[in-house]
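FYI, side chains are in, hydrogens and waters are out, and symmetry mates aren't considered; it's all heavy atoms of this structure. Counting starts at 1 for both ligands and their atoms, following the listed order.
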Amino acid sequence: MKIDDLLQATKEELFPARYEHTLRVMETAIQLAKQINGLETEKVAVAAVLHDFCKCWPTIKLSQWIEHELNNLDLLLYDKELWHAPVGAEVVRSRFGVEDEDILNAIRFHTTGRPNMSILEKVIFIADVVEPGRSFPGVDELRSLANSNLNQAILTSLNHTIRFLLDKGKKIYPLTLETRNALLDTLV
Ligand code: DGI
Ligand code: FE
Ligand code: FE
Ligand code: FE
C-alpha cells in the first residue's frame with residue numbers, strides 16, 4: 001500500500017490530535033533515520049504512520065483482540081495504555097497486509113521497547129517520545145540525545161516513564177524493565 005493511502009486510512013481511524021501526533025512522529029523519525037546508514041525511509045514512514053493505529057479504539061475492542069488474536073493474555077493484567085501497540089501490529093498486518101516483521105515489531109514494541117531492539121524499532125520508539133508536540137521536563141535533553149546516542153535516549157526515556165509510573169503507584173510492565181536492564185548492559 002502507498003504511504004498516502006496508509007495516511008488516509010490512519011486519519012480516518014484516529015482523533016484529529018492523535019493524527020497530528022502521528023504526522024509529527026513520521027517527520028521526526030524520517031529526520032532521525034537520515035543520519036543512519038541502511039535504514040530505508042519507506043519502512044520508517046510506514047512504521048511511524050501506523051504506530052498508534054489502534055490508539056483510539058475503545059478498551060473493550062482492544063481487550064477482545066488481545067483475547068482472540070494475541071497469544072499474550074498477560075497484557076490484560078496490565079495498564080490498558082499498553083494494549084494499542086501489540087494490537088496495532090496485528091491489526092495492520094491483517095488490514096493492510098503489512099508482513100515486514102521489522103515494521104510490525106516497531107509498532108508492537110513502541111511503548112515498552114524490548115531487549116535487542118532493531119534500529120527501526122529504536123527510531124520509532126524515540127521519535128514517539130521527542131516529536132515536537134511533546135513537552136515534559138527533560139524533553140530537550142532527550143531531543144539532543146536522540147541525535148547522538150539512541151540507546152542512551154531510550155534509557156533516559158524509560159527512566160522517566162518508570163519514575164512516572166512509580167509516582168502514580170502504577171504497575172510496571174515487566175518488558176519495560178527488561179528493556180531498561182538490557183540497555184544498561186549495552187552502556188557499560
Ligand atoms: O501512544 P503514545 O501516547 O504516543 O505513547 P506510548 O504508546 O509510548 O505510551 C502510552 C502510555 O503507556 C504512556 O502514557 C505511558 C504508558 N506506559 C509505558 N510503559 C508502561 C506504561 N504504563 C504501564 N502501566 N506500564 C508500563 O510499563
Ligand atoms: Fe503509542
Ligand atoms: Fe512511546
Ligand atoms: Fe505515539
Side-chain angles (χ1 to χ4, degrees), residues 6-7 9-11 13-33 44-59 61-63 65-66 70 72-92 98 103-115 117 120-139 142-143 146 150 153-184:
L6 294 177
L7 278 165
T10 301
K11 187 176 187 179
E13 199 73 17
L14 298 177
F15 299 130
R18 182 55 50 174
Y19 181 66
E20 295 299 318
H21 159 75
T22 292
L23 292 178
R24 293 189 299 267
V25 171
M26 182 172 77
E27 284 188 14
T28 304
I30 289 172
Q31 209 55 44
L32 282 170
V44 174
V46 171
V49 170
L50 298 176
H51 86 280
D52 271 341
F53 191 77
C54 293
K55 181 77 178 184
C56 300
W57 277 24
T59 304
K61 198 171 165 190
L62 288 169
S63 65
W65 262 79
I66 292 170
L70 266 57
N72 182 6
L73 292 175
D74 243 27
L75 269 172
L76 295 171
L77 303 173
Y78 291 90
D79 206 313
K80 54 187 175 354
E81 286 295 326
L82 298 165
W83 300 352
H84 70 286
V87 172
E90 292 315 313
V91 167
V92 305
V98 176
I103 292 176
L104 295 174
N105 284 332
I107 298 168
R108 185 176 290 125
F109 298 111
H110 83 265
T111 306
T112 59
R114 63 166 177 161
M117 296 163 85
L120 178 67
E121 289 171 58
K122 290 178 186 178
V123 164
I124 297 301
F125 184 101
I126 206 66
D128 188 30
V129 174
V130 304
E131 60 92 347
R134 299 285 197 197
S135 62
F136 53 84
V139 69
L142 273 180
R143 287 191 176 113
L150 276 180
I154 295 170
L155 176 63
T156 304
S157 168
L158 289 169
N159 284 340
H160 280 287
T161 302
I162 291 166
R163 236 179 253 122
F164 168 84
L165 294 168
L166 283 177
D167 287 345
K168 297 260 172 192
K170 289 200 167 205
K171 279 191 196 172
I172 298 168
Y173 191 57
L175 187 57
T176 304
L177 296 173
E178 286 166 27
T179 307
R180 177 175 182 271
N181 289 342
L183 284 169
L184 283 172

Worksheet item: Would Leu165 count as a contact of ligand 1 if the rule is a heavy atom under 4.0 Å away?
Response: yes
Worksheet item: Hey, which atoms in ligand 1 end up nearer than 4.0 Å to a heavy atom of Asp79?
Response: 23 (C), 24 (N)
Fill in: Atoms in ligand 1 with a heavy atom of Leu82 nearer than 4.0 Å
19 (N), 20 (C), 21 (C), 26 (C)
Response to the item:
A student checking ligand 1 against His84 at a 4.0 Å heavy-atom cut-off should list atoms 1 (O), 7 (O)
Worksheet item: Just heavy atoms, cut-off under 4.0 Å: does Val129 contact ligand 1 by side chain, backbone, both, or neither?
Response: neither
Fill in: side-chain contact (heavy atoms from CB on, under 4.5 Å) between His160 and Thr156, worked out
CA-CA 6 Å; His160 280 287; Thr156 304; 4.0 Å; yes
Worksheet, complete the sentence: In this structure, CG of Leu104 is separated from CD of Glu121 (nearest 0.5 Å) by 10.5 Å
Discussion item. Assess the residue pair Ser157 and Phe125 against the criterion (side-chain contact (heavy atoms from CB on, under 4.5 Å)); give the C-alpha distance rounded to whole Å, side-chain angles, the decisive distance to 0.1 Å, and a yes or no.
Written reply: CA-CA 10 Å; Ser157 168; Phe125 184 101; 3.8 Å; yes
Worksheet, complete the sentence: Output for pair (Leu183 CG, Met117 CE), nearest 0.5 Å, gives 7.5 Å
Worksheet item: the Fe ion (ligand 2) as vertex, arms to OD1 of Asp52 and NE2 of His84: angle to 10°?
Response: 90°
Worksheet item: Rounded to the nearest 0.5 Å, how far does CZ of Arg108 lie from CD of Glu90?
Response: 5.0 Å
Discussion item. If we set the cut-off at 4.0 Å for heavy atoms, which region of Ile162 has an atom near ligand 1: side chain, backbone, both, or neither?
Written reply: neither
Practice prompt. Provide the number and element of each atom of ligand 1 under 4.0 Å from a heavy atom of Glu81.
Written response: 10 (C), 11 (C), 12 (O)
Worksheet item: With a 4.0 Å heavy-atom cut-off (strictly under), which part of Asp128 contacts ligand 1: side chain, backbone, both or neither?
Response: side chain
Worksheet item: If we only count N/O pairs under 3.5 Å, is Tyr173 in contact with ligand 1?
Response: yes
Fill in: Lys170 touching ligand 1 at heavy-atom level, < 4.0 angstrom
no
Item to complete: Could you tell me whether Thr111 and ligand 1 have an N or O pair separated by under 3.5 Å?
Response: yes
Discussion item. Rounded to the nearest 10°, what angle sits at the Fe ion (ligand 4) between NE2 of His21 and OD1 of Asp128?
Written reply: 80°
Worksheet item: Should Glu81 and Lys55 count as an ion pair when the cut-off is N to O under 4.0 Å?
Response: yes
Discussion item. Just to be sure I read this right, does ligand 1 sit under 4.0 Å from the backbone of Arg180, its side chain, both, or neither, counting only heavy atoms?
Written reply: neither
Discussion item. Taking the side chain as everything from C-beta on, heavy atoms only, tell me whether Leu70 gets closer than 4.5 Å to Trp83.
Written reply: no
Worksheet item: Could you give the distance from CG (Leu7) to CG (Leu23), rounded to the nearest 0.5 Å?
Response: 6.0 Å
Worksheet, complete the sentence: Note: Lys171, heavy atoms under 4.0 Å from ligand 1, region reported as backbone
Worksheet entry | Arg134 contact mode with ligand 1 (heavy-atom cut-off under 4.0 Å) | side chain
Worksheet item: Is Ile107 close to Phe53 at the side-chain level, that is, under 4.5 Å between some pair of heavy atoms?
Response: no
Worksheet item: Between Arg134 (side chain) and Asp128 (backbone), is there a donor-acceptor pair under 3.5 Å?
Response: yes
